[in-house]
K.L.:
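Right, I'll just put the structure down here and ask away after.
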Amino acid sequence: MRVYRATDYNDMSRKAANILSAQVILKPKCVLGLATGSTPLGIYRQLIEWYDKGDIDFSEVTTFNLDEYIGLSAEDENSYQNFMKRNFWDHVNISPDHTHIPDGKTRDAKRECASYERLITKRGGIDMQLLGLGQNGHIGFNEPGTAFDKDTHVAKLSDITIEANKRFFDREEDVPRSAITMGIRSIMQSRRILVVASGVQKSEILKRAFFGPVTPSVPASVLQLHNDVTLVGDAEALSLI
Ligand code: GLP
């Protein structure tokens, strides 16, 4: 694992955006795995800025997002599809039919999971997967206790995740209780993984994930078994490492 120490959130975002843009420049037809949450926002802002300057071209890039809430439509401002459009896709020259995210309104979630997984394989697999970290060590919506060999599946959100994500919703009752998420096996099949973390609230879990035992009770600990992981953290997040 490579660790890049950033001074603060902006520095973390720029360093991680540099790694992603290098991937796109070296392989314009690449497949990126994308993430939501607050942590990647600065990365998307930086990539948009470089796109506006003409420094990066997304016209041949394909993307697959990690996860989507079940029950929220693309129009719902809390759906991850809406998040991605607002914060990234609508601002760069990525072709809409190259962007993929599970359908949270599907009537057949099992089928949706299987076809999402098939599509990733059909597009050649993910070259670089961007990952944030839940405070309980979840990746995507793979909560503690999830088996490492799962592909894309329906996941129940843990109480701690509902609590952490309620800040985006009007009321806690509005936070969906389940989601479709790439599984740990899907994530581990990515050729390269880029983990980003910011803030002191991620410091403890980062230490457990990367320097503690590999165990399903800390889903991100599985990343210790991947042979190409880059971690970019700011000083606060890396304060215990
Ligand atoms: C959500 C997402 C995760 C993300 C996590 C952390 O639960 N499903 O993919 O990593 O939040 O979000 P944040 O970056 O806001 O701390």
Side-chain angles (χ1 to χ4, degrees), residues 6 8-10 12-13 15-17 20 32-46 63-72 76-84 86-88 100-102 104 113 116 126 128-146 150 152-169 172 174-184 186-188 190 193-206 208-210 218-223 229-234 236-238:
D8 54 18
Y9 179 76
N10 286 339
M12 179 212 74
S13 303
K15 283 184 163 59
L20 276 167
L32 299 179
L34 299 180
T36 50
S38 317
T39 315
L41 277 174
I43 301 175
Y44 295 139
R45 270 198 297 270
Q46 181 64 79
T63 66
F64 285 91
N65 263 76
L66 279 170
D67 46 15
E68 178 61 285
Y69 288 117
I70 287 190
L72 302 191
D76 192 308
E77 61 169 324
N78 278 309
S79 72
Y80 284 166
Q81 176 157 9
N82 195 293
F83 173 103
M84 288 308 301
R86 245 183 308 124
N87 293 302
F88 188 44
H100 306 282
I101 187 159
C113 294
Y116 199 66
I126 292 169
M128 181 174 280
Q129 175 66 55
L130 175 63
L131 279 186
L133 218 60
Q135 278 178 42
N136 58 0
H138 75 228
I139 47 178
F141 272 125
N142 292 281
E143 298 282 24
T146 309
K150 284 220 171 196
T152 301
H153 64 283
V154 174
K156 235 177 118 253
L157 272 53
S158 69
D159 292 344
I160 186 171
T161 300
I162 293 169
E163 175 67 27
N165 290 3
K166 75 174 187 202
R167 65 189 195 276
F168 300 109
F169 294 80
E172 184 177 327
D174 297 338
V175 187
R177 268 37 187 177
S178 56
I180 294 179
T181 182
M182 275 185 204
I184 289 182
S186 340
I187 294 170
M188 288 295 279
S190 312
I193 296 183
L194 173 61
V195 184
V196 287
S198 165
V200 71
Q201 70 282 6
K202 297 288 170 73
S203 57
E204 184 63 44
I205 196 64
L206 263 189
R208 286 176 65 203
F210 290 105
V218 182
S221 67
V222 74
L223 300 173
V229 174
T230 302
L231 166 64
V232 184
D234 65 12
E236 285 189 8
L238 296 178

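Not measured: the values here are computed from a predicted model. Order of listing sets the numbers, starting from 1, for every ligand and every atom in it. Every heavy atom of this structure was used, including side-chain atoms; hydrogens, water molecules and symmetry mates were not.
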K.L.:
Between S158 and H138, do the side chains contain a donor N or O and an acceptor N or O under 3.5 Å apart?
P.N.:
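There is no such pair between these side chains.
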K.L.:
Would you mind telling me if ligand 1 is within reach of the side chain of S38, the backbone, both or neither, using heavy atoms under 4.0 Å?
P.N.:
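The part of S38 near ligand 1 is both the backbone and the side chain.
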K.L.:
Is the distance between the ring centroids of Y69 and F169 under 6.0 Å?
P.N.:
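Ring-ring flag for Y69/F169: true, centres closer than 6.0 Å.
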K.L.:
Using a 4.0 Å heavy-atom cut-off, which part of N165 comes near ligand 1: side chain, backbone, both, or neither?
P.N.:
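Just the side chain.
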K.L.:
Looking only at protein heavy atoms, which one is nearest to atom 4 (C) of ligand 1, and what is the separation?
P.N.:
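That would be T36 O, 4.0 Å.
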K.L.:
Sub-3.5 Å donor-acceptor pair from the side chain of K202 to the main-chain atoms of L133, do we have one?
P.N.:
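Yes, because the side chain of K202 sits within donor-acceptor range (under 3.5 Å) of the backbone of L133.
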K.L.:
Going by heavy atoms in the side chains, are Y80 and L34 under 4.5 Å from each other?
P.N.:
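No, side chains not in contact.
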K.L.:
Just so I know, are the side chains of L32 and M128 near enough to count as touching, which here means a heavy-atom distance under 4.5 Å?
P.N.:
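L32 reaches M128 side chain to side chain.
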K.L.:
Before signing off on this row, confirm whether D67 and ligand 1 have an N or O atom pair separated by under 3.5 Å.
P.N.:
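D67 vs ligand 1: N/O contact under 3.5 Å present.
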K.L.:
Between Y116 (side chain only) and H153 (backbone N and O only), is there a donor and an acceptor less than 3.5 Å apart?
P.N.:
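Pair absent, no side-chain N/O of Y116 close to backbone of H153.
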K.L.:
Among all protein heavy atoms, pick out the one at the shortest distance from atom 3 (C) of ligand 1; state its residue, atom name and that distance to 0.1 Å.
P.N.:
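Checking every protein heavy atom, the shortest distance to atom 3 (C) of ligand 1 gives G140 O, 3.6 Å.
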K.L.:
Looking only at protein heavy atoms, which one is nearest to atom 6 (C) of ligand 1, and how far off is it?
P.N.:
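Scanning the protein heavy atoms, the shortest distance from atom 6 (C) of ligand 1 goes to L133 O, 3.6 Å.
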K.L.:
Please classify the Q201 to ligand 1 contact at 4.0 Å (heavy-atom distances, strictly less than): side chain, backbone, both or neither.
P.N.:
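Near ligand 1, Q201 shows nothing, with every heavy atom at 4.0 Å or more.
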K.L.:
How does Y80 reach ligand 1, by side chain, by backbone, by both or by neither, if only non-hydrogen atoms under 4.0 Å count?
P.N.:
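For Y80, the contact with ligand 1 is made by the side chain alone.
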K.L.:
Counting only heavy atoms closer than 4.0 Å, does ligand 1 sit against the backbone of Q135, its side chain, both, or neither?
P.N.:
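Answer for Q135: neither.
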K.L.:
Is there a side-chain contact between I187 and V222, using heavy atoms and a 4.5 Å cut-off?
P.N.:
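No. Closest side-chain heavy atoms not under 4.5 Å.
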K.L.:
Which class fits the ring pair F88 and Y44: parallel under 30°, tilted 30 to 60°, perpendicular over 60°?
P.N.:
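Answer is parallel, since the angle falls under 30°.
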K.L.:
Do N82 and D76 have side-chain heavy atoms sitting under 4.5 Å apart?
P.N.:
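No, too far: nothing below the 4.5 Å cut-off.
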K.L.:
Which of the numbered atoms in ligand 1 are below 4.0 angstrom from a heavy atom of H138?
P.N.:
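Under 4.0 Å from H138, ligand 1 has these atoms: 1 (C), 3 (C), 5 (C), 7 (O), 11 (O).
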K.L.:
Could you list which atoms of ligand 1 come closer than 4.0 Å to a heavy atom of G37?
P.N.:
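Every atom of ligand 1 under 4.0 Å from some heavy atom of G37: 12 (O), 14 (O), 15 (O).
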K.L.:
For L66 and ligand 1, does the shortest N/O to N/O distance drop below 3.5 Å?
P.N.:
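In fact, backbone or side chain, L66 has no N or O that close.
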K.L.:
At what distance is the nearest protein heavy atom to atom 16 (O) of ligand 1, and which residue and atom is it?
P.N.:
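Ranking protein heavy atoms by distance from atom 16 (O) of ligand 1, first comes K202 NZ, 2.7 Å.
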K.L.:
Check ligand 1 against R167 and write out every atom of the ligand that is under 4.0 Å from a heavy-atom position of the residue.
P.N.:
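With R167 as reference, the close atoms of ligand 1 come out as 15 (O).
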K.L.:
Which ligand 1 atoms are under 4.0 Å away from a heavy-atom of G132?
P.N.:
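Those of ligand 1 that fall under 4.0 Å from G132 are 10 (O).
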K.L.:
Would you mind listing which atoms of ligand 1 come within a distance below 4.0 Å of any non-hydrogen atom of T39?
P.N.:
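Here the atoms of ligand 1 in question are 13 (P), 14 (O), 16 (O).
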K.L.:
With side chains defined as the heavy atoms from C-beta onward, is the minimum distance between L223 and L131 less than 4.5 Å?
P.N.:
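Touching, per the 4.5 Å side-chain cut-off.
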